[in-house]
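Letters go in sequence order (proteins before strands), and every chain restarts at 1.
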Amino acid sequence: MMKISSKLTQALSKALSSLKFPSKEISLSPPNNSEFGDLSTSLALTLTKDLNQNPIEIATMIVDNLKIPKNLIDEVTVTKPGFINFKISKKYYHEILNEILNVKKYGSGNSGKEKRANVEFVSANPTGPLTIGHGRNAVLGDCIANILEWNGYSVTREYYYNDAGRQMRILSQSVEARYFEQLGKKFLFPEDGYQGTYIKNIAQSVIDKYGNKLKKDDARFLSEAEQSIFNDIKKSLSTLNIIFDEFVNEKTFYETGEIDQLLAELKNKDLIYEKDGATWFKSTALGKEQDRVYIKKTGEPTYRVPDTAYHKNKIDRGYDLIVDIFGADHMDTYPDVLLALNALGISTDHIKVLLYQFVTLMRAGEKVKMSTRKANFVTLDELVDEVGADVVRYFFIMRGMNSHLNFDIDLAKDQSEKNPVYYLQYAHARICNILKHADSKKELTDLDYDTNLLNHSCEIELIKNLEKFPEIIKSVHNSLEPHIISTYLHETANRFHKFYAECHVLTEDTNLSMARIALVKGTKIVINNGLEILGISAPEKM
RNA sequence: GCCCCUGUAGUUCAAUGGAUAGAAUAAAUCCCUCCUAAGGAUUAGAUACUGGUUCGACUCCAGUCGGGGGUACCA
């Protein structure tokens with residue numbers, strides 16, 4: 001069955017052409033005030049300039065020329081400034097409910113059918129445990145991957161990390177220092193060393209494994225640290241049900257020669273030069289304000305080089321869509337990556353870079369400045385232990401990524417019992433409970449349901465909400481803002497709880513009961529699907 | 001200094017340029033002989049400031065003032 005909104009859009013655009021009016025982008029949306037109807041359009045208002053006429057008159061002319069399916073529309077009105085409003089008949093909603101119950105995966109779309117997407121997220125270097133800041137990235141990325149899958153894409157979840165740079169060297173030196181310290185030998189802790197206790201634990205495990213035989217600069221300090229930290233990171237992610245398909249590291253691109261090749265190609269384009277003992281990328285030639293160092297005078301490339309090679313590699317792998325999820329601190333870095341690729345004639349139009357703003361952590365009303373190096377952070381594990389994976393996921397997804405959100409950890413602990421995610425889960429649990437009761441009533445088992453019996457305003461309002469779900473999935477695909485789903489599901493749960501309070505499902509009237517059970521099942525489908533996208537569990541009991 | 005985000009109820013956040021700006025918390029008051037009260041109903045409360053564009057602005061533009069992030073031969 002075709003959505004009523006697309007039917008109306010078609011009818012409106014036909015009316016425009018029959019009136020010889022200029023064609024316009026037609027948008028239909030539910031008005032804030034439901035007295036105006038279920039859908040309205042400002043089409044006539046946008047035509048006032050073109051036609052130089054009163055918008056009310058234009059609207060009236062459009063309505064007079066409108067051919068719409070009468071059985072699905074109760075009333076068409078023209079109001080104040082020039083809106084055209086449609087009141088949709090209950091019959092339409094009754095049919096929609098039937099569809100929700102019969103369609104395979106209600107809400108899923110096919111705009112990504114036969115397409116492949118790569119979502120790169122987390123990508124924290126293995127220098128310490130994941131923090132709350134990484135949590136926002138992790139949950140955001142996983143939800144975006146989910147939403148792409150719901151739109152038909154085949155998605156690769158990818159984790160990229162730098163394992164060749166300065167940070168890893170300092171990590172190694174930090175472990176080494178703790179190693180000698182714990183053996184009672186002389187040691188020198190690096191100036192910018194990692195001070196967390198996890199470093200001491202790693203040093204201890206090196207002692208347990210290799211005894212006191214290791215010398216300075218042994219490669220095993222790093223390999224042990226990397227392995228141990230990575231295990232912890234993977235464990236943390238798995239508590240949030242986040243599983244990656246690919247782990248890609250920087251070293252690979254040195255080994256495959258892709259970095260040398262990249263540099264050679266840029267040099268061919270005259271975009272590389274030497275100055276002060278370093279190698280520079282001539283980004284000013286491409287319109288940037290300053291050139292960037294590509295290879296330091298120590299001979300070590302800066303992160304831009306492997307990052308660029310990595311992105312070229314992703315493009316070469318032929319994805320239709322590449323999504324990068326970065327914290328706001330990467331604001332300045334990714335444009336250089338794209339710039340270099342564009343300079344080589346490589347299109348980056350299918351790369352979508354999402355920047356989320358930082359989480360400001362508050363503790364007892366005070367801002368906590370987090371630093372992995374200084375071991376001043378709250379780990380993701382601690383948070384998950386405190387409030388549970390569902391709450392953590394919901395918390396990170398319920399706000400737009402452009403919001404700088406304040407996270408008061410004490411408040412989160414205090415309020416975890418009345419966290420908004422329970423509102424959604426509770427609706428689901430209530431549904432399951434009703435269905436359980438219904439199953440035990442014999443008189444309900446062999447009846448068919450008739451959705452036409454649903455006429456209570458709470459019932460219709462609930463179906464109206466369910467009807468929007470596919471639209472929501474589509475809009476999140478375009479905006480890549482998963483919080484739209486959590487906002488929507490909150491409304492779904494709200495409509496359901498109202499319905500629950502007003503309309504008893506299991507009544508003396510078996511026909512009505514069957515119809516309401518159908519509605520409850522439809523609601524369950526939407527809540528289940530929505531929670532699945534957010535990666536949050538849908539409990540049957542609470 | 002320059003660049004990017006951002007400023008909405010006491011607080012944390014919503015709102016494809018549309019009509020009366022929504023929730024959640026915190027406050028006040030109601031509702032369980034009835035499928036789970038982790039719920040429902042009611043009351044009170046907000047677009048930082050000044051201009052501009054528009055039929056119409058929380059939304060777009062300019063400026064002012066505040067918050068965050070960048071501006072590295074760190075990532």
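When distances are taken from the side chain of Lys297(A) to each of rA38(B), rU16(B), rC73(B), the shortest belongs to rC73(B). Which of rA72(B), rG39(B), rA14(B) sits closest to the side chain of Arg292(A) comes down to rA72(B). Of the candidates rU6(B), rA14(B), rA75(B), rA75(B) carries the atom nearest the His330(A) side chain, counting heavy atoms from C-beta on. Distance from the side chain of Ala278(A) is smallest for rC73(B) among the nucleotides rU54(B), rC73(B), rA23(B). Ranking rA75(B), rA14(B), rG40(B) by closeness to the Ser403(A) side chain, first place goes to rA14(B). Side chain of Asn402(A), nearest nucleotide from rC5(B), rA75(B), rU16(B): rC5(B). The listed nucleotides are rA14(B), rC2(B), rC73(B); the one nearest the side chain of Glu289(A) is rC2(B). Listed candidates were rC74(B), rG70(B), rG68(B). Nearest to the side chain of Asp329(A) is rG70(B). Considering only the side chain of Lys49(A), rU54(B) comes nearest among rC5(B), rU54(B), rC35(B). Checking rG68(B), rU16(B), rC73(B) against the side-chain heavy atoms of Ser29(A) singles out rU16(B) as nearest.
Thr48(A) and Asn54(A) are not linked by any side-chain donor-acceptor pair at a separation below 3.5 angstrom, with hydrogens and angles left out of the test. With no hydrogens or angles considered, a side-chain donor-acceptor pair links Ser513(A) and Thr507(A) at under 3.5 Å. For the residue pair Ser13(A)/Gln10(A), the side-chain donor-acceptor check at 3.5 Å is not satisfied. A donor-acceptor contact closer than 3.5 angstrom links the side chains of Glu158(A) and Tyr310(A).
Here Lys296(A) reaches the OP1 or OP2 of rC74(B): one of its side-chain N or O atoms lies under 4.0 Å away. Taking side-chain N and O atoms only, Asn419(A) has no distance below 4.0 Å to OP1 or OP2 of rU25(B). Close to rA75(B), at under 4.0 Å from its OP1 or OP2, lies no side-chain N or O of Arg304(A). Of the side-chain N and O atoms in Asn162(A), none sit less than 4.0 angstrom from OP1 or OP2 of rA75(B). Using a 4.0 Å cut-off, no side-chain N or O of Lys436(A) falls inside it from OP1 or OP2 of rC35(B).
Using Watson-Crick or G-U wobble geometry with both donor-acceptor distances under 3.5 Å, rU59(B) finds no partner in any strand shown. Using Watson-Crick or G-U wobble geometry with both donor-acceptor distances under 3.5 Å, rC13(B) finds its partner in rG22(B). Across every strand in view, rG7(B) sits in a pair with rC65(B) that passes the Watson-Crick or G-U test at under 3.5 angstrom. When Watson-Crick and G-U wobble pairs are counted only if both distances are under 3.5 Å, rU71(B) pairs with rG1(B). Partner assigned to rU29(B) is rA41(B), using Watson-Crick or G-U wobble distances below 3.5 angstrom.
Within 3.5 Å, a donor on the side chain of Asn33(A) pairs with an acceptor on the base of rU20(B), or the reverse. Residue Thr302(A) places no side-chain atom within donor-acceptor reach of the base of rA72(B), judged by atom type and a 3.5 Å distance cut-off alone. On a pure distance criterion of 3.5 Å, a polar donor-acceptor pair joins the side chain of Ser40(A) and the base of rA19(B).
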Check step by step if ring-ring contact (aromatic ring centres under 6.0 Å, His included) holds for His497(A) and Tyr423(A). CA-CA 9 Å; His497(A) 286 307; Tyr423(A) 189 74; 4.8 Å; yes
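In this pair, Phe83(A) lays its aromatic ring flat on the base of rA19(B), centres within 5.5 Å and planes under 30 degrees apart.
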